[in-house]
Amino acid sequence: MNTNIRQRSGFGYFFHGLELALTPGIRQFVILPLLANVLLVGGALFYLFSHLDVWIDYWLGQLPEFLSWLSYLLWPLLVLTILATFSYFFSTLANFVAAPFNGLLAEKVEVYLTGQKINDDGMLAVVKDTPRILAREWRKLVYVLPKAIGLFLLLLIPALGQTVGPVLWFIFTAWILAIQYCDYPFDNHKVPFNEMRYNLKQKQGKAYSFGALVSVFTTIPILNLIVMPVAVCGATSMWVAEFKK
């Protein structure tokens, strides 16, 4: 049995994903997801940082005058929330574009860990399976979008939105990112989306902590450009150790 197959914490799976992404035999399958992430997330963050001050001033300006003293406490919370929102949105877009390659990366990591072949090798198999993979990405988007819109509207409510909203958004993002990345190895085995969610709920501590660390890394400039393939590898490690049996 591969000594890499062992149960870890949610944080442990993320860092194991980093180790796997740098492994010979896996690295070449990291390039295309990495490229998609660099182009989309990198461009988005460049736009974000050129407008961040204006948005922060606008939101703090919505506070009632008697709560203006809170602005010093809320400023870092709003920065983190905007960073997380932007990073999550464009990471989702990058995941949609790179979904076939993320699925292939998850497959290669699982083969490396278990020695068991899953699907036909090669890019032709990826191309043939692309419509089904994109339909699965759309299913994830339908699950996420109403909840994301509700939380975004909460952020617009003066005082309440700026205090409770960032905390709820971080928890929500952790769960959604766990779903996003764990879905690749689940989907390689044609596990239905709702069944995949049910399985993750049985290990919520690991799912949330894994997603939380992914969320933190998506807000850190430079590091957020490499987080996608690392998260795919880490989620596949979690699949093999926790759910495959």
Side-chain angles (χ1 to χ4, degrees), residues 7-21 33 37 40-41 44 77 80-96 98-99 102-103 105-106 109-110 136-137 139-152 154-155 164-188 191 193-220 223-244:
Q7 293 189 335
R8 296 171 163 85
S9 66
F11 292 168
Y13 285 117
F14 180 84
F15 289 112
H16 189 219
L18 177 60
E19 178 187 332
L20 289 167
N37 207 42
L40 288 169
V41 177
L77 278 176
L80 289 174
T81 302
I82 293 172
L83 275 172
T85 304
F86 242 70
S87 299
Y88 172 71
F89 177 78
F90 283 95
S91 292
T92 299
L93 182 59
N95 272 297
F96 198 91
N102 284 337
L105 173 59
V109 170
E110 185 173 340
R136 179 82 166 211
E137 289 298 308
R139 175 68 183 85
K140 281 186 270 190
L141 190 60
V142 168
Y143 171 74
V144 169
L145 204 54
K147 302 171 183 63
I149 291 172
L151 279 173
F152 180 75
L154 175 64
L155 289 171
V164 177
V167 177
L168 293 179
W169 183 262
F170 181 77
I171 295 170
F172 167 76
T173 302
W175 173 244
I176 294 306
L177 287 174
I179 285 179
Q180 175 67 58
Y181 289 107
C182 288
D183 189 53
Y184 293 117
F186 274 91
D187 187 43
N188 282 341
V191 177
F193 180 76
N194 288 337
E195 186 177 338
M196 179 271 300
R197 284 173 45 218
Y198 173 81
N199 277 277
L200 286 182
K201 284 180 180 178
Q202 307 314 301
K203 308 239 178 185
Q204 285 190 53
K206 293 186 178 185
Y208 272 104
S209 57
F210 174 80
L213 196 55
V214 175
S215 179
V216 168
F217 273 83
T218 60
T219 65
I220 301 174
L223 293 180
N224 56 14
L225 300 180
I226 65 170
V227 73
M228 181 197 290
V230 171
V232 172
C233 293
T236 306
S237 174
M238 188 189 300
W239 153 263
V240 170
E242 306 280 349
F243 301 109
K244 185 178 172 68

Between Met196 and Arg136, is a side-chain contact (heavy atoms from CB on, under 4.5 Å) present by the stated rule, with each step listed? CA-CA 12 Å; Met196 179 271 300; Arg136 179 82 166 211; 4.2 Å; yes

Looking at side-chain heavy atoms only, is the closest gap between Leu151 and Leu154 below 4.5 Å?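 With C-beta onward as the side chain, the pair touches.
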
Do Phe172 and Trp175 have side chains that get closer than 4.5 Å, going by heavy atoms?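 Of all side-chain heavy-atom pairs linking Trp175 with Phe172, none is under 4.5 Å.
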
To check you understand the geometry: which heavy-atom pair defines the closest contact between [X] and [Y], and what is its length?
X      : Y      : result
Phe210 : Ala231 : CZ-O, 3.4 Å
Glu242 : Lys206 : OE2-NZ, 2.6 Å
Pro185 : Ala235 : CG-O, 4.0 Å
Ala174 : Ala212 : CB-N, 3.5 Å
Ser209 : Gly205 : OG-O, 2.8 Å
Gln7   : Tyr13  : CA-OH, 3.3 Å

For [X] and [Y], indicate whether the former's side chain and the latter's backbone hold a donor-acceptor pair under 3.5 Å.
X      : Y      : value
Asn188 : Gly103 : yes
Asp183 : Ile179 : no
Glu19  : Phe15  : no

Using 0.5 Å steps for rounding, measure from the [atom1] atom of [X] to the [atom2] atom of [Y].
X      : Y      : atom1 : atom2 : answer
His16  : Met238 : NE2   : CE    : 12.0 Å
Leu213 : Thr218 : CG    : OG1   : 10.0 Å
Gln202 : Arg197 : CD    : CZ    : 12.0 Å

Before you tell me yes or no, could you show the steps for Gln180 and Thr173 under side-chain contact (heavy atoms from CB on, under 4.5 Å), namely the whole-Å CA-CA distance, both residues' side-chain angles and the distance that decides it to 0.1 Å? CA-CA 10 Å; Gln180 175 67 58; Thr173 302; over 6 Å; no

Using the rule side-chain contact (heavy atoms from CB on, under 4.5 Å), only one of Asp187, Val232, Leu200 pairs with Cys182; which is it?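 That would be Leu200.
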
Phe186: what forms a ring-ring contact (aromatic ring centres under 6.0 Å, His included) with it, not counting sequence neighbours?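 For Phe186 the ring-ring contact (aromatic ring centres under 6.0 Å, His included) partners, ignoring immediate neighbours, are Trp239, Phe243.
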
Which residues pass the side-chain contact (heavy atoms from CB on, under 4.5 Å) test with Ala21, not counting sequence neighbours?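 So Ala21 forms a side-chain contact (heavy atoms from CB on, under 4.5 Å) with Val30, Val230, Cys233.
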
Centre-to-centre under 6.0 Å for Phe14 and Phe217, is that the case here?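 Centroid separation for Phe14 and Phe217: below 6.0 Å.
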
Identify, with sequence neighbours excluded, every residue that meets salt bridge (Lys or Arg N to Asp or Glu O under 4.0 Å) alongside Lys244.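 With neighbours one apart ignored, the set is Glu110.
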
